[in-house]
There are 2 protein chains.
Amino acid sequence: MPSKNFTIGHLARETGTKVPTIRYYEKIGLLPEPFRSAGNQRLYGADHIDRLAFIRHGRDLGFGLDAIRELLSLTDEPEQTCERADAIAAQHLREVENRIARLQALKAELERMLDHQCDGELADCRVIEVLADHRHCLHSDHQRID
Amino acid sequence: MPSKNFTIGHLARETGTKVPTIRYYEKIGLLPEPFRSAGNQRLYGADHIDRLAFIRHGRDLGFGLDAIRELLSLTDEPEQTCERADAIAAQHLREVENRIARLQALKAELERMLDHQCDGELADCRVIEVLADHRHCLHSDHQRID
DNA sequence: CTTGAACCTATAGTGGCTAGAGGTTCTAGG
DNA sequence: CCTAGAACCTCTAGCCACTATAGGTTCAAG
């Protein structure tokens with residue numbers, strides 16, 4: 001029987017997570033409900049640390065909670081092959097690459113906008129001008145960010 | 001007196017915006033309340049098209065609605081210098097650059113994770129392994145994305 | 001006069017938390 | 001044993017920028 005020693009504050013410090021975030025993960029079923037003390041306070045064990053660290057690391061790598069949920073469920077069936085885990089990671093990599101590409105197009109456009117340093121009045125301001133008229137843009141087919 | 005001819009659907013098509021988004025912009029005070037028809041339907045004029053196009057273009061370039069709100073208010077006082085508009089755009093450019101840098105670190109980490117193609121069982125899966133143990137990462141000091 | 005598209009309002013949901021109110025429990029010191 | 005204050009509890013609302021749904025009204029064409 002593993003030790004059930006940690007308070008939620010300990011778990012938070014141990015994993016670099018904020019306390020409300022831990023309760024949030026529990027509410028959405030990402031962390032199992034822990035035991036409670038006589039006074040109704042949550043008591044965690046080492047297995048919770050591991051699971052939460054896994055989640056946080058997934059978040060650090062930009063995975064969404066749904067992806068993390070699936071990756072967690074995969075670890076519960078270790079007889080499976082890597083196939084699904086690799087697919088999830090590869091899909092995420094593709095999304096990250098897409099976002100980088102879109103942000104780089106944005107960066108170029110913003111730099112172009114700022115290149116024309118105008119010290120004059122706002123009526124001649126390049127920034128405002130570009131915003132007011134889409135035709136000033138190189139690529140008018142931006143996709144929404146985020 | 002300018003013509004007040006367009007329905008909200010026209011304005012939406014004209015600017016590539018969804019109808020509920022236009023109503024949302026009105027609610028948060030980004031678009032002025034338009035005239036209404038006898039039957040209470042919104043009627044827009046050319047000035048609304050310009051203003052909405054400005055907003056959408058700002059969004060395409062990744063500006064937040066607060067930044068756009070300020071840029072719009074600048075255009076109402078054209079005797080101002082470009083200084084503030086340039087500062088807003090420069091600040092946004094810096095944020096975009098930061099996001100690109102963070103995403104590129106992420107991309108490298110994900111590629112490293114997927115490099116080790118494992119056809120074996122999930123117990124040996126590199127993806128899971130890395131997620132389960134932060135020490136597998138090159139940089140353990142990721143900042144949260146978004 | 002009827003059909004159906006487009007409009008109206010109002011509310012709730014998205015993701016991933018975060019902040020606050022208002023109350024209880026635990027722990028250390030006196 | 002008592003008290004102060006830190007840490008815990010639940011519940012609700014807020015963030016961004018929309019998007020979706022429900023349930024109703026108005027408008028244009030046939």
Side-chain angles (χ1 to χ4, degrees), chain A residues 4-31 33-44 48 52 54-72 92 95 99 102 142-146, chain B residues 4-31 33-44 48 52 54-72 92 95 99 102 142-146:
Chain A
K4 311 247 161 7
N5 296 327
F6 312 106
T7 65
I8 198 170
H10 269 90
L11 182 58
R13 257 164 272 133
E14 202 68 28
T15 58
T17 313
K18 288 183 182 158
V19 168
T21 304
I22 297 175
R23 290 197 276 249
Y24 168 71
Y25 287 161
E26 180 182 324
K27 201 174 70 172
I28 63 170
L30 217 49
L31 278 178
E33 291 183 26
F35 290 99
R36 298 287 184 132
S37 73
N40 198 35
Q41 302 197 349
R42 291 171 178 81
L43 291 178
Y44 295 95
H48 286 100
L52 182 51
F54 187 103
I55 295 169
R56 293 314 281 178
H57 196 187
R59 292 294 298 129
D60 285 342
L61 288 168
F63 287 95
L65 291 183
D66 279 349
I68 291 173
R69 196 189 297 274
E70 191 173 352
L71 289 166
L72 275 169
H92 180 49
E95 285 163 10
R99 289 175 63 184
R102 275 183 285 137
H142 298 301
Q143 293 209 341
R144 197 88 337 120
I145 309 299
D146 319 325
Chain B
K4 312 243 161 11
N5 296 327
F6 312 107
T7 65
I8 197 170
H10 268 90
L11 181 58
R13 255 165 273 132
E14 203 68 29
T15 58
T17 313
K18 289 183 184 160
V19 169
T21 304
I22 297 175
R23 290 197 275 248
Y24 168 71
Y25 287 161
E26 180 183 325
K27 202 173 68 173
I28 63 170
L30 216 51
L31 278 178
E33 291 184 26
F35 291 97
R36 298 285 185 134
S37 74
N40 199 35
Q41 303 197 349
R42 290 170 178 82
L43 290 180
Y44 295 95
H48 286 100
L52 182 52
F54 187 102
I55 295 169
R56 293 313 281 178
H57 196 187
R59 293 292 299 128
D60 285 343
L61 289 168
F63 287 95
L65 291 183
D66 279 350
I68 292 172
R69 195 189 298 272
E70 191 174 352
L71 289 165
L72 275 170
H92 180 49
E95 284 164 10
R99 289 175 62 182
R102 274 183 284 137
H142 298 302
Q143 294 209 341
R144 198 92 331 120
I145 309 298
D146 318 326

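Below, all heavy atoms of this structure are taken into account, side chains as well, without hydrogens, waters or symmetry copies.
The shortest distance between the side-chain N/O atoms of A:R23 and the OP1/OP2 oxygens of D:dT10 is not below 4.0 Å. For the pair A:R59 and C:dC17, the criterion of a side-chain N or O lying under 4.0 Å from OP1 or OP2 is met. For the OP1/OP2 pair of D:dA17 and a distance below 4.0 Å, the side-chain nitrogens and oxygens of B:R69 include no atom meeting the criterion. Taking only side-chain nitrogens and oxygens, B:Y25 comes nearer than 4.0 Å to OP1 or OP2 of D:dC18. Applying the 4.0 Å criterion to OP1 and OP2 of C:dC26, one finds that A:S37 has a side-chain N or O inside that range. Here A:T21 reaches the OP1 or OP2 of C:dT18: one of its side-chain N or O atoms lies under 4.0 Å away. For D:dC9, the OP1/OP2 oxygens have a side-chain nitrogen or oxygen of A:R42 closer than 4.0 Å. Side-chain nitrogen and oxygen atoms of B:T7 include at least one within less than 4.0 Å of the OP1 or OP2 phosphate oxygen of C:dC7.
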Step by step, would you call A:L30 with A:R69 a side-chain contact (heavy atoms from CB on, under 4.5 Å)? CA-CA 7 Å; A:L30 217 49; A:R69 196 189 297 274; 3.8 Å; yes

Any chance you could lay out the side-chain contact (heavy atoms from CB on, under 4.5 Å) test for A:L65 and A:R59, step after step, and finish with the verdict? CA-CA 8 Å; A:L65 291 183; A:R59 292 294 298 129; 3.5 Å; yes

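Summarising the geometry, the separation between CD1 on A:I8 and P on C:dT25 is reported as 17 Å, rounded to the nearest angstrom. Between the C1' atom of C:dA6 and the CD atom of B:E14 lies a distance of 17 Å, rounded to the nearest Å. The distance from atom CG of B:L52 to atom P of D:dA17 is 15 Å, rounded to the nearest whole Å. The distance from atom CZ of A:F6 to atom P of D:dC8 is 14 Å, rounded to the nearest whole Å. Residue B:E26 contributes atom CD, which lies 15 Å from atom P of D:dC18 at whole-angstrom precision. Here C:dC17 presents its C1' atom at 13 Å from CD1 of A:I22, a figure rounded to the nearest Å. Atom-to-atom, CG of A:N40 to P of D:dC8 comes out at 13 Å; the value is rounded to the nearest Å. For A:N5 and C:dC26, the CG to P distance is 15 Å, given to the nearest whole Å.
Using bins of under 30°, 30° to 60° and over 60° for the plane-to-plane angle, the ring pair A:H10/A:F6 lands in the tilted bin.
In terms of position along DNA chain C, the nucleotide closest to B:K27 lies nearer the 5' end than the nucleotide closest to the other residue of the pair A:F63 and B:K27. Looking at which nucleotide of DNA chain D each of B:A38 and B:I55 is closest to, the 5′-most match is held by B:I55.
Note that CD of A:E33 is 9.5 Å distant from NE2 of A:H48, once rounded to the nearest 0.5 Å. In this structure, OG1 on B:T7 lies 9.0 Å from OH on B:Y44, to the nearest 0.5 angstrom.
Within the 4.0 angstrom heavy-atom criterion, no nucleotide atom of any strand lies near A:I28.
Comparing D:dC8, C:dG16, D:dC18 by their closest approach to the side chain of A:Q41 singles out D:dC8. Checked against D:dC8, C:dG16, D:dC18, the side chain of B:Y24 finds its nearest nucleotide in D:dC18. Of the candidates D:dC18, C:dC7, D:dC9, the closest approach to any side-chain atom of A:R36 belongs to D:dC9.
At least one side-chain heavy atom of B:R42 sits under 4.5 Å from a side-chain heavy atom of B:R36.
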